[in-house]
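Data block below; observations after.
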Protein chains: 4
Amino acid sequence: MKNTKPKFNQIIDAAVEVIAMNGYHSSQVSKIAKKAGVADGTIYLYFKNKEDILVSLFQEKMGQFIERIEQEIAEKNNAEEKLLELIQLHFRQLGANLPLAIVTQLELRQSNPDLRKKINDVLKRYLTVIDSIIEEGIEEKLFQENLNKKLVRQMIFGTIDETVTNWVMKDHKYSLVGQAEEVHELLVNGISKR
Amino acid sequence: MKNTKPKFNQIIDAAVEVIAMNGYHSSQVSKIAKKAGVADGTIYLYFKNKEDILVSLFQEKMGQFIERIEQEIAEKNNAEEKLLELIQLHFRQLGANLPLAIVTQLELRQSNPDLRKKINDVLKRYLTVIDSIIEEGIEEKLFQENLNKKLVRQMIFGTIDETVTNWVMKDHKYSLVGQAEEVHELLVNGISKR
Amino acid sequence: MKNTKPKFNQIIDAAVEVIAMNGYHSSQVSKIAKKAGVADGTIYLYFKNKEDILVSLFQEKMGQFIERIEQEIAEKNNAEEKLLELIQLHFRQLGANLPLAIVTQLELRQSNPDLRKKINDVLKRYLTVIDSIIEEGIEEKLFQENLNKKLVRQMIFGTIDETVTNWVMKDHKYSLVGQAEEVHELLVNGISKR
Amino acid sequence: MKNTKPKFNQIIDAAVEVIAMNGYHSSQVSKIAKKAGVADGTIYLYFKNKEDILVSLFQEKMGQFIERIEQEIAEKNNAEEKLLELIQLHFRQLGANLPLAIVTQLELRQSNPDLRKKINDVLKRYLTVIDSIIEEGIEEKLFQENLNKKLVRQMIFGTIDETVTNWVMKDHKYSLVGQAEEVHELLVNGISKR
DNA sequence: AATGAATGAGACTTCATTCAT
DNA sequence: GATGAATGAAGTCTCATTCAT
């Protein structure tokens, strides 16, 4: 299965490396082709245009990312545990793959609106996972029943996202996954004293 | 006073409009000049280069933005009220200025590392405001004493930022400031039932 | 062999023609590309930038120029004959190629310091040839033994160069090579009566 | 007399300094105006355009230069002495004014054909001085009678010019005027042994 | 006479994409 | 399928010159 479309994956992996190392604006198609060990023209046999490389990259990498989260979460017993697992997996997967983290947190955000829209389509699946945890938590009476679900989702995603971005931008020398429990605790219980 | 450096502000305001309407990558200097009603070359009497327009734009607009928040917050009595005020002002100011919101939430993030660094320098002042609210809250025994302040700041900023971004991207037809109290409640008390 | 790097030579030849006809300051890259029958961008597959076209032009043309002089001179028997041959070849080669003469005598001197430095590096080889003739002449007791070699070189080169420049600027209707013997005679014996 | 058109001379002197220090291509009108202590627009009250500054500069400075040579030469008794005096004065005047030497030997040669043509008009007066020395030398039977006068002039001017250019470009640490006698000797008697 | 803010034409270079081999 | 040489559109910035004050 992995050997299906070997060039396709070769090119996507090259793109991640090149963008992480050089930044989005210095990642010309020719540079990606060189890193992938193919000719410039070959790229266009597998991708419609440059933007399509990036969209595919995101679909491919985030697809696996989300899939794994969906699987692992299914095994947890309640919404709180699922939320913790989601945070931990999010942090673990990006924390173990700095180039990918750089690309998703920083470089891909410099893209044009069209691309960003397509990236958001991929993200929707992830946001749906968060939504279902929230709903489950409410059903389980773990979470407040009158929560504004959309806002909660934004808080969860915004906090996770900002935490990863900070880790990538600042130092990424401390353990990202080591912060999962604290982040979870904050999201669940807030900052105020009871 | 407003008549000081009229061209300077003219150009910055034109830049916000042009970028909000056309997107960062379609905002040529000539387009900004035309909207500002000046010649292309005039831009370079007031700005070192194109990037300098954007940095100045951010400094100018976010400077005012943050200044106002600092002032209004000073009048509040405790950390909780200050946090609510910060969220409300953040939402109110961007909610009342869609072009500026588009530029700060979407378009300016497509910029190169140099520009992003300078933007972050401006943001630092805002993050410092958040930090001081957190510290005050702990001193006032309103917030938990063993909070990881950096994580808390990331949660607060990440949540606010994600909320604004969603408002800008999705519909921006509902009231942004109308969500301030709920967001505040979530940040303070979390999502769990007591 | 001539078909090696055909585009490279195509572009250099086009550059000579365009510069000779329009002058250095009116010789846009696009004009050179058009004359060479290639797209503007193609220029940059063969040259680093515009200046590199000019440096390469000088290296290529003067390289051949000097090489030919070195070869022909080697066959002459003494310093005086060698000097005459050098003058004749210098005049013959430039006299037979007015565009090249215009470019080397007039247009290329309007370039910036960087370019001039590189041009001087190429010229050094030519000056070395003159130096060795002077030394040989002294050894052969044809020339005075206590000559200030550097000054002599300056006289020889200055005279030749000024003669070509005059020919190019004024009329270039008389034969340049026809003046070689007289120039040689002047350099060797001076202007005074014995 | 010196106080006539003080701005005119102020600007010309500023131009020499600015061009000598920054090079021709970095010598914008605004830079010259600043050095001269006048506004940009003021330049255009005294000069038709930028080129006119340079032409005037050359006329003014070379005018004085040639005038002095004409005067001093008149006092010499024969062509040989006059030639020596001309070389000495040429070297002395430029050797004592490095900025002027830089401008005339290097920077002004980067100008466009129009300017160069006007510069040559100024030079003609100098070349006429050389011509009359040659003619006098022939009449006095000091120089050979069948000399090609134009070639001789080119040799004399080319040699002097090349010597000054070398002095300016290389080191200009040795005395330029110290080479006058040797240069004179070479021009008069050539390089060959009798 | 003097100012200097404003003008705007003009050119080099990059790079995504194509297509003949 | 694979190549990579060639394409050409497009945008930032400079600077000589003007003209209202």
Side-chain angles (χ1 to χ4, degrees), chain A residues 5-8 10-11 25-34 36-54 112, chain B residues 5-8 10-11 25-34 36-53, chain C residues 5-8 10-11 25-34 36-53, chain D residues 5-8 10-11 25-34 36-54 112:
Chain A
K5 309 196 288 174
K7 290 254 166 65
F8 181 87
Q10 227 168 294
I11 292 166
H25 282 108
S26 301
S27 296
Q28 297 82 353
V29 171
S30 63
K31 213 178 260 177
I32 294 172
K34 193 171 188 181
V38 302
D40 293 17
T42 305
I43 299 266
Y44 291 85
L45 297 175
Y46 295 90
F47 300 90
K48 211 167 71 240
N49 50 33
K50 185 181 181 182
E51 187 180 299
D52 191 30
I53 306 176
L54 303 174
N112 61 53
Chain B
K5 306 194 290 174
K7 289 256 165 57
F8 181 87
Q10 221 169 302
I11 292 166
H25 282 108
S26 301
S27 296
Q28 297 83 346
V29 170
S30 61
K31 216 176 258 176
I32 295 172
K34 194 170 187 181
V38 300
D40 292 18
T42 305
I43 299 268
Y44 292 88
L45 296 177
Y46 295 90
F47 301 91
K48 215 169 62 245
N49 50 34
K50 186 182 181 182
E51 185 180 303
D52 191 32
I53 307 176
Chain C
K5 307 194 289 171
K7 290 255 163 59
F8 180 88
Q10 222 169 299
I11 292 165
H25 283 108
S26 301
S27 297
Q28 298 83 348
V29 170
S30 62
K31 217 177 258 178
I32 295 173
K34 195 170 185 181
V38 300
D40 291 18
T42 305
I43 299 268
Y44 293 87
L45 297 177
Y46 295 90
F47 301 92
K48 216 168 63 241
N49 49 35
K50 187 182 180 181
E51 184 181 302
D52 191 31
I53 306 176
Chain D
K5 306 195 290 174
K7 290 254 166 66
F8 181 87
Q10 225 168 296
I11 292 166
H25 282 108
S26 300
S27 297
Q28 297 81 354
V29 170
S30 63
K31 215 178 259 175
I32 294 172
K34 194 172 187 180
V38 302
D40 292 16
T42 305
I43 299 266
Y44 291 86
L45 298 175
Y46 294 91
F47 301 90
K48 210 169 71 241
N49 50 33
K50 186 183 181 180
E51 187 180 299
D52 190 31
I53 306 176
L54 303 175
N112 61 54

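Below, read A as the first sequence line, B as the second, and so on, with proteins coming before strands; counting in each chain starts at 1.
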Do any side-chain nitrogens or oxygens of C:Lys7 fall under 4.0 Å of OP1 or OP2 in F:dA6?
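Result: yes.
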Phosphate-side-chain proximity, A:Tyr46 and F:dA2, N/O vs OP1/OP2 below 4.0 Å
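Yes, such a contact exists.
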Rounded to whole Å, please give me the gap between [atom1] in [X] and [atom2] in [N].
| X | N | atom1 | atom2 | answer |
| --- | --- | --- | --- | --- |
| A:Gln10 | F:dG1 | CD | C1' | 14 Å |
| A:Ile53 | E:dA16 | CD1 | C1' | 10 Å |
| A:His25 | E:dA16 | NE2 | C1' | 14 Å |
| C:Gln28 | F:dA10 | CD | P | 20 Å |
| D:Phe8 | E:dA1 | CZ | P | 14 Å |
| D:Lys31 | E:dG4 | NZ | P | 19 Å |
| B:Ile32 | F:dC13 | CD1 | C1' | 14 Å |

When you match C:Ala39 and B:Asp40 each to their closest nucleotide on DNA chain F, which lands nearer the 5' end?
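On the 5' side of the pair lies C:Ala39.
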DNA chain F: B:Ser30 or A:Gly37, which has the more 5' nearest nucleotide?
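Nearest nucleotide further toward 5': that of A:Gly37.
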From D:Ile43 atom CD1 to D:Ile11 atom CD1, the distance as rounded to the nearest 0.5 Å:
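Here the interatomic distance stands at 4.0 Å.
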Rounded to the nearest 0.5 Å, how far apart are NZ of A:Lys7 and OH of A:Tyr46?
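Spacing of NZ (A:Lys7) from OH (A:Tyr46) equals 5.0 Å.
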Tell me the partner of E:dA20, counting only Watson-Crick (N1-N3 plus N6-O4 or O6-N4) or G-U wobble (N1-O2 and O6-N3) with both under 3.5 Å; none if nothing fits.
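Answer to the pairing question: F:dT3, which forms a Watson-Crick or G-U pair with E:dA20.
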Under 3.5 Å on both distances, the Watson-Crick or G-U partner of F:dG8:
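With both distances under 3.5 Å, F:dG8 matches E:dC15.
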If each of C:Lys48 and D:Gly41 is mapped to the nucleotide of DNA chain E with the nearest heavy atom, which maps nearer the 5' terminus, i.e. the 5' end?
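The residue mapped nearer the 5' terminus is D:Gly41.
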First encountered from the 5' end of DNA chain E, between C:Val29 and B:Ile43
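Here B:Ile43 is the residue nearer the 5' end.
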Side-chain donor or acceptor of B:Lys50 paired with backbone N/O of B:Val29 under 3.5 Å
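No, B:Lys50 side chain to B:Val29 backbone: no donor-acceptor pair under 3.5 Å.
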Select one nucleotide: of [options], the one nearest the side-chain heavy atoms of [X].
| X | options | answer |
| --- | --- | --- |
| C:Leu45 | F:dT3, F:dT17, F:dA5 | F:dA5 |
| D:Tyr44 | F:dA16, F:dT3, F:dT12 | F:dA16 |
| D:Lys50 | F:dA6, F:dA16, F:dT12 | F:dA16 |

What is the nucleic acid contact for D:Phe47, judged by heavy atoms within less than 4.0 Å: base, sugar-phosphate only, or nothing?
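Answer is nothing: D:Phe47 stays at 4.0 Å or more from every strand.
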Taking all atoms of both residues into account, what is the closest heavy-atom pair of C:Ser27 and C:Ile32, and its distance?
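The pair with the smallest heavy-atom distance is O-CD1, 4.2 Å.
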Give the ring-plane orientation class for B:Phe47 versus B:Phe8, where under 30° counts as parallel, over 60° as perpendicular and anything between as tilted.
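Parallel, since the angle between the ring planes stays under 30°.
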